[in-house]
There are 2 protein chains.
Amino acid sequence: MGRRVTLIDVARHAGVSRTTASYVITGTGRVSTATRERVQASIETLGYVYNEGAAALRRTGRTIGVIVPNIDRPFFGEVLSGVEATFTDSGYMALMVSTRDRLDQQARLVRMLREHQVAALAIVPATGSNHDLVDAIRSWDVPTVFLSRYVAGSTEPYVGSDEVRGGYLAADHLVRAHQCRSITYLGGPKHGVARIDRLEGVLRALAESGSDVKLVDLTSESTVEAGIRAGRELAAGGLPDGIICHNDSIAIGVARALFDAGHAGSTRIIGYDDIGPARASVPALTSVATSGRILGETAARALLAVISGAEPAVRSHLAEPRLIVRESCGDHI
Amino acid sequence: MGRRVTLIDVARHAGVSRTTASYVITGTGRVSTATRERVQASIETLGYVYNEGAAALRRTGRTIGVIVPNIDRPFFGEVLSGVEATFTDSGYMALMVSTRDRLDQQARLVRMLREHQVAALAIVPATGSNHDLVDAIRSWDVPTVFLSRYVAGSTEPYVGSDEVRGGYLAADHLVRAHQCRSITYLGGPKHGVARIDRLEGVLRALAESGSDVKLVDLTSESTVEAGIRAGRELAAGGLPDGIICHNDSIAIGVARALFDAGHAGSTRIIGYDDIGPARASVPALTSVATSGRILGETAARALLAVISGAEPAVRSHLAEPRLIVRESCGDHI
DNA sequence: TTGTACGCGTTATCAT
DNA sequence: ATGATAACGCGTACAA
């Protein structure tokens, strides 16, 4: 195995200084077309590969940190695909890590990313994240954006969708279009900010409706299995007129459980996020679409703008969710 | 903003040399307990953070490259979660990138990862990958494992599931348990290796059955929408006795389309991968389970073993798929 | 335990 | 307008 080809080798081969070779590669400096071509030819023949690590020792690196609670949840998959595509298209690479929604893991991963000198950070904070996280990031002093979830009480840059509005849309549809008089909000971690905000939107819709609607709020994990379990319990204990699920996976599980219990179509179900299978399930799932991919792209672009110096600070962005009405909210009855 | 705290600062503050400070951090050298504690105290008070980038200039770095075709496809999400968890638990970080299943993107990303000096590479090659990819990786000379897909004709280390066996299981079930006499294999890119291998398994099962079974093979994208379109066409053109879908998303789409066409339950559908929603769809999806998460963990562990020097070379691994029988293959009729 | 060369590209400064 | 010199960034590892 031959030694690594370095910039010195290229320079020597092209009969030029290391500096000039560097200028050719980065496109930074003033170099005549003639020498530029000589250098590029040398790079080609020697098979030189740029060493990003060495370069990052001087200038700010081209690596970005991305933290999500669960890399394999469909919605975060969408978010990540947006983040990743935007970064790699701009020549940056994303160090993506998953906290499994645990604070200790998150603290550990933040530290690891810091040790890896990432140029920026996009983070979907784990449930229960508090000022410890915000302080750690602020003392670190790296461009950061909170994605899809924010930390309660903090005013850090945030890219997400309007959860209050999402809850409102779902509840409003249930009470106004379907005259629901009892609604259950199902799923999500007890103190998750998305959950709390959506419930606020739900309450607002109920208040506006003027009618007397009973609201029950239940937590669960955000999986299909948890949805099935919850659906069984609801079927056994008496169904509400409508169920707003914390995400589509839960909703699909609930629908299945009700089907098994012989209650198919006997209540209205609304999911959240509008992931792929939502439109194809039976019944097709009414869902609040949040377009995770665009969220990811937006966050990534915001960070890139700051890194490049185009913007002085990361800008927050609140996307408008849309209610996609399908069969599961009652239109199939 | 104060200057970065470096190892020199720590050393000075602890009244010791840079080398000793380094030894304390890495745990490598023999340092007396007394000085170790002094150094650790200094690290604490100064708020020193290790600089992985600088360190990687000398020793091999702790960054690993991971390439998948689509970061947001459920199956790859499972794979990635296994890869990521295993690496970060061992102190490594994964640079994860998505080729969108395009060869030009893949070539570009391989180069970028190379520039980032990753210590190892796990790659799910894009459809159509050939020896250009294998050569590029070999000349690079970094520990590599092909994950879930391999390159036709190459003998590189490979961690995946036995696709031939998977195809066999699905077809065998359709012909033996359900007496199917016409089967359609639906989905996947025309020349994808998984597709070809599974078809081989299907043919083997048909041959073993002794009976005369007609096999049709159709390609499609691997999305719910593509499944819906394909299902419509099948419904219009005459249904086979059984359909083996390239993945669960397609299967869910097909089932939905047949439902819409009034053909619910009139053929048998088998999916592939057994992702979350499979068990909850209506009808519940029979599927070939491949456990992407374990595949990811296995690949990551293989790479870690080689990096650490415990193993001389990456070892291949073929996992056994399992057929999970549910309603969609005819048990609900 | 420590001194010090090393790994590799960047960039401010100097020379033509 | 072009190109070169040399200091810099930060931890690692070997010789002393």
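Heavy atoms only: backbone and side chains are in, while hydrogens, waters and symmetry mates are out. Letters go in sequence order (proteins before strands), and every chain restarts at 1.
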Next item on the list: Ignoring backbone atoms, establish whether B:T20 has a side-chain N or O less than 4.0 Å from OP1 or OP2 of C:dT2.
Entry: yes

Checklist line | Euclidean distance, atom CZ of residue A:R4 to atom P of C:dG7 [Å, nearest integer] | finding: 12 Å

Next item on the list: Give the rounded distance in Å between these two atoms: CG of B:D9 and P of D:dG11.
Entry: 9 Å

Checklist line | Interatomic distance, A:Y23 OH vs C:dT13 C1' [rounded to whole Å] | finding: 10 Å

Check: Between C:dG9, C:dG7, D:dG3, which nucleotide gets closest to the side-chain atoms of A:A55?
Finding: C:dG9

Note to self: So, does B:T6 get its side chain near the phosphate of D:dG11, meaning an N or O under 4.0 Å from OP1 or OP2?
What the structure shows: yes

Checklist line | Closest to the A:V16 side chain, choosing from C:dG9, D:dA4, C:dT1 | finding: D:dA4

Margin query: In whole Å, I'd like the distance from the CG atom of B:L57 to the C1' atom of C:dG9.
Written below: 9 Å

Check: The side chain of A:S22 lies closest to which of these nucleotides: D:dT12, D:dG3, C:dT11?
Finding: C:dT11

Next item on the list: Could you tell me the separation between the CG atom of A:L7 and the C1' atom of C:dT11, rounded to a whole number of Å?
Entry: 13 Å

Next item on the list: May I ask you to say whether A:R59 pairs ionically with A:E52, meaning some side-chain N is under 4.0 Å from a carboxylate O?
Entry: yes

Next item on the list: Could you tell me whether B:T28 contacts a base, only the sugar-phosphate backbone, or nothing, with contacts defined as non-hydrogen atoms closer than 4.0 Å?
Entry: nothing

Next item on the list: Could you check which of C:dT11, D:dG9, C:dC8 has an atom nearest any side-chain atom of A:R59?
Entry: C:dT11

Next item on the list: Pick base, sugar-phosphate or nothing for B:R18, based on heavy-atom distances below 4.0 Å to the nucleic acid.
Entry: base

Note to self: Tell me whether the side-chain N/O atoms of A:T35 come closer than 4.0 Å to OP1 or OP2 in D:dT2.
What the structure shows: no

Check: Do A:T19 side-chain and C:dT11 base share a donor-acceptor contact under 3.5 Å?
Finding: yes

Next item on the list: Applying side-chain hydrogen bond (donor to acceptor under 3.5 Å, both in side chains), run through B:R293 and B:S81 and close with a yes or a no.
Entry: CA-CA 6 Å; B:R293 188 164 218 290; B:S81 91; 3.0 Å; yes

Check: Given atom CD of B:E52 and atom C1' of D:dC10, what is their separation to the nearest angstrom?
Finding: 12 Å

Margin query: Could you tell me if B:S32 and B:T35 have a donor-acceptor pair between their side chains, going purely by distance under 3.5 Å?
Written below: yes

Next item on the list: Tell me whether the OP1 or OP2 atom of D:dG11 has a side-chain N or O from B:Y48 closer than 4.0 Å.
Entry: yes

Item checked: Sidechain-backbone polar pair: A:T144 side chain, A:V142 backbone, donor-acceptor under 3.5 Å -> yes

Note to self: On the nucleotide C:dG3, are OP1 or OP2 found under 4.0 Å from the side-chain N or O atoms that B:S17 carries?
What the structure shows: no

Checklist line | Distance in angstrom units between A:R58 CZ and D:dC8 P, rounded | finding: 9 Å

Next item on the list: In whole angstrom, give the distance that lies between atom CG of B:N51 and atom P of D:dC8.
Entry: 18 Å

Item checked: Qualifying residue for side-chain contact (heavy atoms from CB on, under 4.5 Å) with A:T99, from A:V124, A:V110, A:L109, A:I71 -> A:L109

